[in-house]
Amino acid sequence: MLITTEEIFEEFEDLDPRDQSQYLLELGYDLPRFSADQQKAEDLVQGCQSQVWLTAVASDDSTDPVISIKADSDAEIVRGLITILLASYDGMKASEILQFSIVDVFNRLKLKQYISPQRHNGLQGMVDRIREISAMYCNAQTSPVAPASNCNIAVKAKRPPVLQQSFDVQKIRSQFPVLNQILEDGQTPVYLDSGASAQKPQLVIDKEREVEEQYFANAYRGKYSFGARIDEELEASRKKIAEFIGSATSEQICFTGGTTMTLNMVAFGWGRRHLKPGDEILITEMEHHANFVPWQQLASQTGATLRFMPLTPDGRIDLEQLETVLSNKTKIVAVTGMSNVLGTMTPIAELSKRAHDVGAIIVVDGAQSVPHIATDVVADDIDFLVFSGHKVYGPTGVGVLYGKAERLEETDPILFGGHMISEVSKDHSSWAKAPAKFEAGTLPIVQAIALGAAIDWINEVGIDAIHQHEQQLLKAATEQLNQISGMKIFGPSIEHKGAIISFRIDRIHPEDLAAMLDRKAVLTRHGHHCTMPLHTLLGVTATTRASFAAYNTLQDVQSLVDGINFARDVLKLS
Ligand code: PLP
């Protein structure tokens with residue numbers, strides 16, 4: 001009969017600190033050992049200092065089975081930790097495991113005092129594995145592939161198809177050098193600021209290096225071999241981007257400097273030509289300043305009016321109230337594909353239809369949505385889509401402008417100079433066709449080519465698989481954060497949002513929290529995230545933001561929670 005957590009707590013509390021660590025060791029003595037046959041490589045838990053084998057067996061083929069866990073290790077203290085885990089999860093259904101806060105158990109036993117940070121990582125690795133298996137089993141219930149009864153879910157063949165075939169987060173993580181380093185204080189970074197900039201996989205870094213070391217030259221100029229190679233590489237990258245977002249042709253993809261620059265290009269290139277006093281531009285209060293200030297400036301320069309789509313109290317666009325602001329005066333609807341604070345995913349296809357019905361165009365700020373969800377500019381009937389390279393695992397300094405062919409035709413360039421012209425005389429100049437018309441001067445050549453490599457990388461992993469994985473992280477993070485006292489998460493429920501969580505905790509200023517999380521190598525962002533109007537609407541001046549990407553793990557979520565608990569301890573709020 002397995003020891004219960006209550007028995008462990010009782011024993012533990014009665015012991016003085018010296019004997020508590022001995023007790024941890026002794027806890028493992030009664031744990032059944034795996035035979036050599038049971039010590040299978042595929043059941044090894046990653047991230048542990050010692051070897052840990054862990055399997056989970058569904059008790060029946062019901063929709064939410066009890067998960068029975070077995071584990072063993074070659075280190076005695078880890079066997080003690082395993083005993084605590086087994087006692088904690090004993091008899092739980094898959095859904096209960098997902099809802100259960102194991103951190104509370106760890107905190108009550110003050111485990112961090114008795115085990116090294118590496119060992120703690122290993123422990124989290126086990127918890128992650130158990131949670132992943134439980135989550136996969138829950139998913140398997142809704143997947144078209146029905147799970148077999150009494151299946152050992154840890155065995156790959158029983159996993160839902162997408163996760164099995166295309167998503168191995170540890171493999172993905174291993175491709176990001178920055179995430180695999182040991183910092184000076186011995187910790188490994190837990191990067192939760194991909195909403196600001198994503199990290200780059202080795203493939204992208206290698207591509208930049210390849211160009212610099214092997215054939216760098218200016219683009220669209222030299223007819224010598226290096227120049228020709230650069231032109232080829234740039235066009236190949238352009239084609240990959242076109243395919244990735246569903247553009248009919250590569251000519252509709254223009255390389256720019258990033259989202260901010262591109263939104264300015266659209267606002268002043270298209271907007272200044274088409275807007276007159278009395279016209280209206282429709283945005284939301286949740287826009288990033290990059291999709292806010294240019295329209296405000298455009299309105300003041302043209303005499304147009306800037307208006308705001310109504311939002312629901314949880315931060316979604318209120319489609320039922322849209323008619324109160326959308327009319328035939330509306331000329332531009334400019335909206336984020338995904339809020340960089342609330343995580344809200346906007347219903348682009350619906351907005352695009354409603355905008356077109358009144359004769360307006362739709363401009364989508366894809367800075368946050370393109371890295372997380374499949375984009376189809378044709379299916380969504382988008383007039384202009386913009387995004388940045390550095391948020392899609394690519395380099396900084398490069399961005400993308402997509403436009404419908406007729407929209408690009410009717411847009412004036414706002415940057416003038418070399419390459420973008422057709423003819424120049426002393427008193428007149430005419431412009432080349434897109435994309436050259438919008439690519440004045442020397443392009444960010446190396447970055448634009450490496451952006452193609454980043455798109456290759458995303459395609460290899462699969463944007464839908466990335467989305468699914470991030471939604472699991474979002475779910476786990478939302479559940480765990482909500483258990484922290486004084487926690488307020490902003491934004492809608494997870495069905496309406498992507499992998500961004502912004503929050504505040506009573507009596508902890510976001511700046512203090514970010515600094516304390518940093519001490520635990522948990523890297524988050526704090527402040528207004530370039531959305532001052534949204535923060536005014538929320539009634540706060542700053543929030544803490546954790547944003548996830550393909551390389552984040554459930555262990556990262558756990559580290560965030562642990563970091564917050566650490567901050568609460570330091571501030572004596574626990
Ligand atoms: N739009 C959104 C929604 C963003 O999140 C950001 C950056 O965080 C931007 C625009 C600006 O992007 P960039 O700084 O690459 O120009």
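These values consider heavy atoms only, across backbone and side chains, with no hydrogens, waters or symmetry-generated copies. If you're wondering where the values come from, they're calculated on a predicted model, not measured in any experiment. In this chain, residues are counted from 1 in sequence order. Every number for a ligand or one of its atoms is a count from 1 in the order of the listing.
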**Message:** If we set the cut-off at 4.0 Å for heavy atoms, which region of His529 has an atom near ligand 1: side chain, backbone, both, or neither?
**Reply:** neither
**Asked** Under a 4.0 Å heavy-atom limit, does Lys391 contact ligand 1 with its side chain, its backbone, both, or neither?
**Response** side chain
**Item:** Subset of ligand 1 atoms that lie under 4.0 Å from at least one heavy atom of Asn340
**Value:** 5 (O)
**Request:** List every atom of ligand 1 that sits less than 4.0 Å from any heavy atom of His390, numbering the atoms from 1 in the order shown and giving each element.
**Result:** 13 (P), 15 (O)
**Prompt:** Centre of Phe490's six-membered ring, under 6.0 Å away, within 45 degrees of the axis: is that where NZ or CZ of Lys488 sits?
**Reply:** yes
**Prompt:** Is it true that the NZ or CZ of Arg173 lies under 6.0 Å from the centre of Tyr551's six-membered ring and within 45 degrees of the ring axis?
**Reply:** no
**Message:** In this structure, does ligand 1 have an atom that sits under 4.0 Å from one of the heavy atoms of Met261?
**Reply:** no
**Asn291 heavy atom under 4.0 Å from ligand 1** = no
Any side-chain heavy-atom pair from [X] and [Y] closer than 4.5 angstrom?
X: Gln301; Y: Phe268; answer: yes
X: Ile463; Y: Ile373; answer: no
X: Val557; Y: Phe548; answer: yes

**Sidechain N-carboxylate O distance under 4.0 Å for Asp381, Lys404** = yes
**Asked** Identify the closest protein heavy atom to atom 1 (N) of ligand 1: which residue and atom is it, and at what distance?
**Response** Asp365 OD2, 2.6 Å
